[in-house]
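Note sheet for the following structure.
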Amino acid sequence: MRLDFTLPPSSKDIDFLTQKINEETKSAGSAYPFACFIRDDREEIIAGCNGSVIFKTIHIDQLWVHPDYRGSGKGRELMEQVHVLGYKKGCKLATVVTMDFQGAREFYEHLGYICDFERGGGDNTKMYFLKKEL
């Protein structure tokens, strides 16, 4: 046996883990990743988000909007699509984690998220764990 710690992990290996977890938890539903992107006329990504649907919860891992498009509603548009996916998949809750230095807590709170709890991170930062009932 050997320990194989990889950064970043391969998509194939992550898919393997997801498949194995889903096989062992069939009665609870399933987990799988999602991604959503907004592209400009040249097909360049100007905004995107990704995460996972995890047993009736949709979790956003990352959300990014190009600086030139911030404040234009692109982030809100992405989150609306995440919520639509959550509804379609029977999710009861949406969750996201953000850091204080990212300045995104207010953005999520304007979308109806509430801070469930906060935790100290490294270098005197704070992590905010937010949720929204769907």
Side-chain angles (χ1 to χ4, degrees):
M1 279 191 268
R2 71 180 173 89
L3 175 63
D4 182 15
F5 196 101
T6 56
L7 291 174
S10 75
S11 297
K12 179 182 169 190
D13 289 345
I14 296 299
D15 289 345
F16 173 83
L17 289 178
T18 302
Q19 176 188 346
K20 292 301 177 187
I21 289 169
N22 285 338
E23 287 172 4
E24 293 181 12
T25 57
K26 287 181 183 176
S27 64
S30 60
Y32 47 88
F34 72 86
C36 183
F37 301 98
I38 299 174
R39 298 175 189 270
D40 66 12
D41 295 336
R42 297 174 312 207
E43 292 298 310
E44 299 288 328
I45 295 172
I46 59 168
C49 66
N50 72 299
S52 298
V53 173
I54 308 169
F55 310 112
K56 304 297 182 192
T57 298
I58 192 162
H59 179 74
I60 299 91
D61 286 321
Q62 301 178 101
L63 182 135
W64 173 81
V65 177
H66 188 283
D68 292 347
Y69 293 91
R70 291 182 188 158
S72 70
K74 302 297 183 206
R76 176 180 293 277
E77 184 178 345
L78 287 168
M79 291 302 294
E80 287 171 355
Q81 291 306 306
V82 167
H83 297 150
V84 167
L85 174 63
Y87 294 128
K88 287 181 180 177
K89 298 302 181 181
C91 295
K92 306 296 182 204
L93 191 68
T95 63
V96 65
V97 177
T98 189
M99 304 291 288
D100 60 347
F101 60 84
Q102 293 174 304
R105 180 177 173 171
E106 284 185 16
F107 166 76
Y108 292 112
E109 289 176 339
H110 280 98
L111 296 175
Y113 283 76
I114 61 167
C115 187
D116 203 16
F117 65 97
E118 62 182 68
R119 178 184 316 168
D123 295 330
N124 296 316
T125 61
K126 289 183 184 175
M127 298 173 69
Y128 301 116
F129 295 76
L130 297 110
K131 67 179 181 180
K132 177 180 178 169
E133 291 187 26
L134 299 178

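No hydrogens, no waters, no symmetry mates; every other heavy atom, side chains included, goes into these values.
Note that CG of Asp41 is 13.0 Å distant from CZ of Arg39, once rounded to the nearest 0.5 Å. Taking NZ of Lys132 as the start and NZ of Lys92 as the end, the distance is 15.0 Å to the nearest 0.5 Å. One finds the CG atom of Leu111 at 6.0 Å from the CE atom of Met79 (value rounded to the nearest 0.5 Å).
Annotation: side chain of Asp15 is not in contact with side chain of Gln19 (no heavy-atom distance under 4.5 Å). Taking 4.5 Å as the limit, some side-chain heavy atom of Ile58 sits within range of a side-chain heavy atom of Leu134.
Linking Ile, Leu, Val, Met, Phe, Trp and Tyr whenever their side-chain heavy atoms come within less than 4.5 Å puts Tyr87 and Val96 in one cluster. Put simply, Ile54 and Leu85 are part of two different groups of oily side chains (I, L, V, M, F, W, Y) that touch within less than 4.5 Å, one to the next.
Minimum heavy-atom separation, Lys89 to Val53: CB-CG1, 4.4 Å. Minimum interatomic distance between Ala104 and Thr98 (heavy atoms only, all atoms of both residues): CB-OG1, 3.6 Å.
With sequence neighbours excluded, the residues satisfying side chain to side chain contact (heavy atoms under 4.5 Å, CB included) with Pro9 are Thr6, Ile14. Here Lys20 pairs with Phe16, Glu23 under the side chain to side chain contact (heavy atoms under 4.5 Å, CB included) rule; sequence neighbours left out. By the side chain to side chain contact (heavy atoms under 4.5 Å, CB included) test, Leu93 pairs with Thr57, Thr95, Lys131, Glu133, sequence neighbours left out. Residues meeting the side-chain hydrogen bond (donor to acceptor under 3.5 Å, both in side chains) test with Glu44, sequence neighbours left out: none. Listed by chain and number, the residues in a salt bridge (Lys or Arg N to Asp or Glu O under 4.0 Å) with Lys126 are Glu118 (sequence neighbours excluded). Residues satisfying the side chain to side chain contact (heavy atoms under 4.5 Å, CB included) criterion with Cys36, sequence neighbours excluded, are Cys49, Leu78, Gln81. In this view, Ser11 satisfies the side-chain hydrogen bond (donor to acceptor under 3.5 Å, both in side chains) rule with no residue, not counting sequence neighbours. Scored by the side-chain hydrogen bond (donor to acceptor under 3.5 Å, both in side chains) test, Glu109 finds Arg105 as partners (sequence neighbours excluded). By the side-chain hydrogen bond (donor to acceptor under 3.5 Å, both in side chains) test, Arg42 pairs with Asp40, sequence neighbours left out.
Note on residues 22-45: no pairs pass ring-ring contact (aromatic ring centres under 6.0 Å, His included), not counting sequence neighbours. For residues 108-128, the set of pairs meeting the ring-ring contact (aromatic ring centres under 6.0 Å, His included) definition, not counting sequence neighbours, comprises His83-Tyr113, Tyr108-Tyr113, Phe117-Phe129. The side chain to side chain donor-acceptor pair (under 3.5 Å) contacts involving residues 62-78 comprise Asn50-Gln62, where partners must be two or more places apart or lie in separate chains.
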task: Please step through side chain to side chain contact (heavy atoms under 4.5 Å, CB included) for the pair Val97 and His59, ending with a clear verdict.
output: CA-CA 9 Å; Val97 177; His59 179 74; 4.1 Å; yes
